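Single-structure report; data block below.
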Amino acid sequence: MQPTTTLSASQTKPTILIVDDLIDNIQVLALFLECHGYSITYALNAQEALERLNVIHPDLILLDLFMPNVNGLQLCEKIKENADYQDIPILFLTASHEHQHIISAFEKGAEDYVMKPFNTKEVLARIATHIKLKRQTIELKNVKNKFETIVTHVLDGLLVINKDGIILFANPSVCQMFDKTINSLLGHSLGIPIIEKKVTQIEILRLNGKPGIAEITAAQAQWDNQPVSIVCLRDISDRADIKVE
C-alpha cells in the first residue's frame, strides 16, 4: 500500500485518511476498508497528515488518539481551525476507556470515535453514516449558496414578513427600492400594509435614483416553522400605462 497522492476526476470512491503512528495498524484497517469500496491514504504523524490534506480533501479522517509529539487531540484542533478542512468529519481511534479522553475529542471538534479492538460492522456503520452526513451537508450548502446568489442578484424585491408585520428577510433590491439598509429593515416593521390584498402597487426608488412604481404580489408560506408572507416587488414603472411623477 502506498500513500495516495492525487485522485482522478472520474474516481467516485469515498476517500479516507488514516492517521496512526503504527504502520501495522494502518495496514490492517486500510486493507479492510479497501475491500469495502473505500480509497485509502495515510499519514504516520501530524505533520504528514497536514501535508496529505494539502494534496487531497478526504471524505473522512480516522485519527489515532495517542501519537508522539503532536497527539490526536492537538491535530484535530488544528484541522478544525482551518476553514478548508473543518467540514471533514474526524473519527478518533482509541483503546482508552477514559471518559475524559472521549469528552476532549468531542470538544476539539471530532464527530465520533471508534474503540480498539475494532468491531468491523461498527466501523463500517460509523464511517458510512458520517460520510453520508458530510455529503448531505455539502448538498445543503450548495443549495443555500444558489439561493443566496439568486435572491442577491434578482432585480425584483423580495421580503419575508411574519404575522406581526416584522421583516425576517430582505434582499438587496428591496433595500434599494426603499432606500434603507438591511439592518434598518430586518427585525422591524415596514410601516406600509403591503401584504393586504387591496394594496397592489407601491412607490419605490428605482436603480437610476428616480421615483417609480412597484407591483406587489404576496404568497403565504412557512419560514422557520412559522407562517409568513413572501412578498415580491416588481418595478413596473416602464409600462406604457404607468406614469410616475
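Note that the structure is predicted; figures quoted are calculated from it, not measured.
Closest non-hydrogen pair, Ile40 versus Glu34, comes out as CG1-CG, 3.5 Å. For the pair Gly187 and Ile166, the tightest heavy-atom approach, listed with the atom from each and the gap, is C-CG2, 3.5 Å.
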Please list, one pair per line, the donor and acceptor atoms closer than 3.5 Å that link side chains of residues 211-225 to other protein atoms, with sequence neighbours excluded.
from   : atom 1 : to     : atom 2 : distance (Å)
Gln220 : OE1    : Ser229 : OG     : 3.4
Gln220 : NE2    : Ser229 : OG     : 3.1
Gln222 : OE1    : Gln226 : N      : 3.4

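Counting heavy atoms from C-beta outward, Asn71 and Gln74 have side chains that approach closer than 4.5 Å. For the pair Asp235/Leu207, no side-chain contact is recorded, criterion being any heavy-atom separation below 4.5 Å from C-beta on. In this structure, Ile182 and Phe169 have side chains that are not in contact, with every pair of non-hydrogen atoms separated by 4.5 Å or more. Residues Leu190 and Ile167 have side chains in contact (heavy-atom distance under 4.5 Å, counting atoms from C-beta outward). Under the 4.5 Å side-chain criterion, counting only non-hydrogen atoms from C-beta, Asp156 is in contact with Cys232. Under the 4.5 Å side-chain criterion, counting only non-hydrogen atoms from C-beta, Glu48 is in contact with Asn45. Looking at heavy atoms from C-beta onward, Ile90 lies in side-chain contact with Ile79 at the 4.5 angstrom threshold. Counting only heavy atoms from C-beta outward, the side chains of His36 and Leu124 approach each other to under 4.5 Å.
Considering OG of Ser237 and CD of Glu203, their distance stands at 10.0 Å, rounded to 0.5 Å. Going from atom CG of Leu75 over to atom CG of Asn69 covers 12.0 Å, rounded to the nearest 0.5 Å. The CG atom of Leu159 sits 10.0 Å away from atom CG of Leu168, with the distance rounded to the nearest 0.5 Å. The CG atom of Leu91 sits 5.0 Å away from the CG atom of Asp112 when rounded to the nearest 0.5 Å. The distance from the CD1 atom of Ile56 to the CD1 atom of Ile88 is 8.0 Å, given to the nearest 0.5 Å.
Salt bridge present: Lys116 and Asp20 bring a charged side-chain N and a carboxylate O closer than 4.0 Å. Between Asp59 and Arg135 there is a salt bridge, since at least one side-chain N of the basic residue sits less than 4.0 Å from a carboxylate O of the acidic one. Here Glu111 pairs with Lys80 in a salt bridge; the nearest charged N to carboxylate O distance falls below 4.0 Å.
Proximity of the aromatic rings of Phe66 and His101 is defined here by a centroid distance below 6.0 angstrom, and this criterion is met.
In terms of hydrophobic clustering, with Ile, Leu, Val, Met, Phe, Trp and Tyr side chains grouped at heavy-atom distances under 4.5 Å, Leu73 and Leu93 are assigned to different clusters. There is a path of hydrophobic side-chain contacts, each under 4.5 Å, that joins Ile23 to Ile18. In this structure, Val123 is not a member of the same hydrophobic cluster as Tyr113, with clusters built from ILVMFWY side-chain heavy atoms closer than 4.5 Å. In terms of hydrophobic clustering, with Ile, Leu, Val, Met, Phe, Trp and Tyr side chains grouped at heavy-atom distances under 4.5 Å, Leu65 and Leu17 are assigned to a common cluster.
Panel note: side chain Ser184, backbone Lys180; no donor-acceptor pair is recorded below 3.5 Å. In this structure a side-chain-to-backbone donor-acceptor pair under 3.5 Å is missing from Glu122 to Asn119. Checking side-chain atoms of Asn25 against main-chain N and O of Val28 turns up no donor-acceptor pair under 3.5 Å. Distance alone, capped at 3.5 Å, places no donor-acceptor pair between the Asp64 side chain and the Val19 backbone. A donor-acceptor pair is defined here as one N or O able to donate and one able to accept, closer than 3.5 Å; such a pair exists between the side chain of Asn208 and the backbone of Lys210.
Ring geometry for His57 against Tyr85 counts as tilted: the plane angle lies between 30° and 60°, on a 0 to 90° scale.
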> How far apart are the C-alpha atoms of Thr181 and Asn183, what are their side-chain angles, what is the distance that settles it, and do they pass the side chain to side chain donor-acceptor pair (under 3.5 Å) test?
Replying inline: CA-CA 5 Å; Thr181 64; Asn183 289 333; 5.4 Å; no

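Remark: Asn145 CG is packed, more than 12 non-hydrogen atoms of other residues, nucleotides or ligands lying under 6.0 Å away. Within a 6.0 Å sphere centred on NZ of Lys134, other residues, nucleotides and ligands contribute more than 12 heavy atoms. Atom CZ of Arg234 has 12 or fewer heavy atoms from other residues, nucleotides or ligands within 6.0 Å.
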